[in-house]
Amino acid sequence: MTGKITLGPMPYMSVMPAVLVGSNVKGKPNYMTAAWATVASMAPPMVCVAINKVRYTAQGIEENKTFSLNVTSSNQVIETDYCGITSGSNKDKSGVFTSFYGKLGTAPLAQECPVNIECKLFSSVDCGSHLLYIGEVIEIHADENSVTDGKPDIRKINPIVYAQATYFDVGAETGKAFSDGKKFQQ
Ligand SMILES: Cc1cc2nc3c(=O)[nH]c(=O)nc-3n(C[C@H](O)[C@H](O)[C@H](O)COP(=O)(O)O)c2cc1C
């Protein structure tokens, strides 16, 4: 056993996805990079993302009550980082990706991203600096070549993984979920 040290409170999570939050702000698509995004509920399907109150994106979500989470691929690091260091309040980011719209009509979806999660705002929780936006998933749009047996395929998507101010891709498989645990012996 190694000894433990305390590092103090911080918003830490081991790995995070780098996704693009799409929203229409003043009628124009805007994409913002977010790492603080995850699943919130299975039934109904919901995802959530923590967005700083000062972000231009927050204005768009409040305006339309819709947003998208666009899953990025490892060959999109430059565009992804650009959307994380540039604010739509200073620079028009509508041309970074080709936008299309799904069922909701107001959540822009990035054509170049392998998977687009189209969300209707369910609720927002004021956590302090950030609002946790919880969205009901209305539709998943996926590139044909990123899907296997009707589900997004991580190997084909090759999503960007974010940790420690660095982008990684997905590493090697280390086991089978909901299965390997059966081998455990007390
Ligand atoms: C890798 C990365 C992850 C980020 N994650 C978040 C996040 O989860 N929440 C957030 O509010 N800002 C996050 N940011 C910062 C925003 O993407 C950045 O402030 C962006 O310029 C905001 O765009 P907007 O003003 O057009 O909405 C992240 C930036 C980077 C580079």
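Both ligands and their constituent atoms are indexed starting at 1 by order of listing.
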Next on the checklist: H141: which residues meet the side-chain contact (heavy atoms from CB on, under 4.5 Å) condition with it, sequence neighbours left out?
Outcome noted: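 For H141 the side-chain contact (heavy atoms from CB on, under 4.5 Å) partners, ignoring immediate neighbours, are F100, L109, N116, E118, E139.
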
Run through all N or O atoms in ligand 1 and write down each protein N or O closer than 3.5 Å, as a pair with its distance.
residue, atom, partner, partner atom, Å
ligand 1, 5 (N), A35, N, 3.0
ligand 1, 8 (O), A35, N, 3.2
ligand 1, 8 (O), W36, N, 3.0
ligand 1, 9 (N), A50, O, 2.9
ligand 1, 11 (O), N52, N, 2.8
ligand 1, 11 (O), R55, NE, 3.0
ligand 1, 12 (N), R55, NE, 3.0
ligand 1, 12 (N), R55, NH2, 3.2
ligand 1, 14 (N), T33, O, 3.4
ligand 1, 17 (O), T33, O, 2.7
ligand 1, 19 (O), R55, NE, 3.2
ligand 1, 19 (O), R55, NH1, 3.3
ligand 1, 21 (O), T86, O, 2.9
ligand 1, 23 (O), K93, NZ, 3.1
ligand 1, 25 (O), Y56, N, 3.1
ligand 1, 25 (O), S87, OG, 2.6
ligand 1, 26 (O), N30, ND2, 3.0
ligand 1, 26 (O), G88, N, 2.7
ligand 1, 26 (O), K93, NZ, 2.9
ligand 1, 27 (O), Y56, N, 3.4
ligand 1, 27 (O), T57, N, 2.9
ligand 1, 27 (O), T57, OG1, 2.5

Throw together a table of side-chain donor-acceptor distances under 3.5 angstrom for residues 6-28, partners on residues two or more places apart or in other chains.
residue, atom, partner, partner atom, Å
N24, OD1, Y101, OH, 2.8
N24, ND2, Y101, OH, 3.3
K28, NZ, D92, OD2, 2.7

Checklist entry - Other than F122, what residues sit in its cluster of Ile, Leu, Val, Met, Phe, Trp and Tyr side chains whose heavy atoms are under 4.5 Å apart, directly or through others? => result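 M46, V125, L132, I134, all in the cluster of F122.
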
Checklist entry - What are the two closest non-hydrogen atoms of F67 and Y133, and how far apart are they? => result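 Minimum heavy-atom separation between F67 and Y133: CZ-O, 4.2 Å.
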
Item to check | In one Ile/Leu/Val/Met/Phe/Trp/Tyr side-chain cluster, 4.5 Å: M32, V47 | outcome: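 Yes; tracing contacts between hydrophobic side chains, which count when under 4.5 Å, links both residues.
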
Checklist entry - Applying the side-chain hydrogen bond (donor to acceptor under 3.5 Å, both in side chains) test to D180, which of K176, K182, K183 qualifies? => result K183

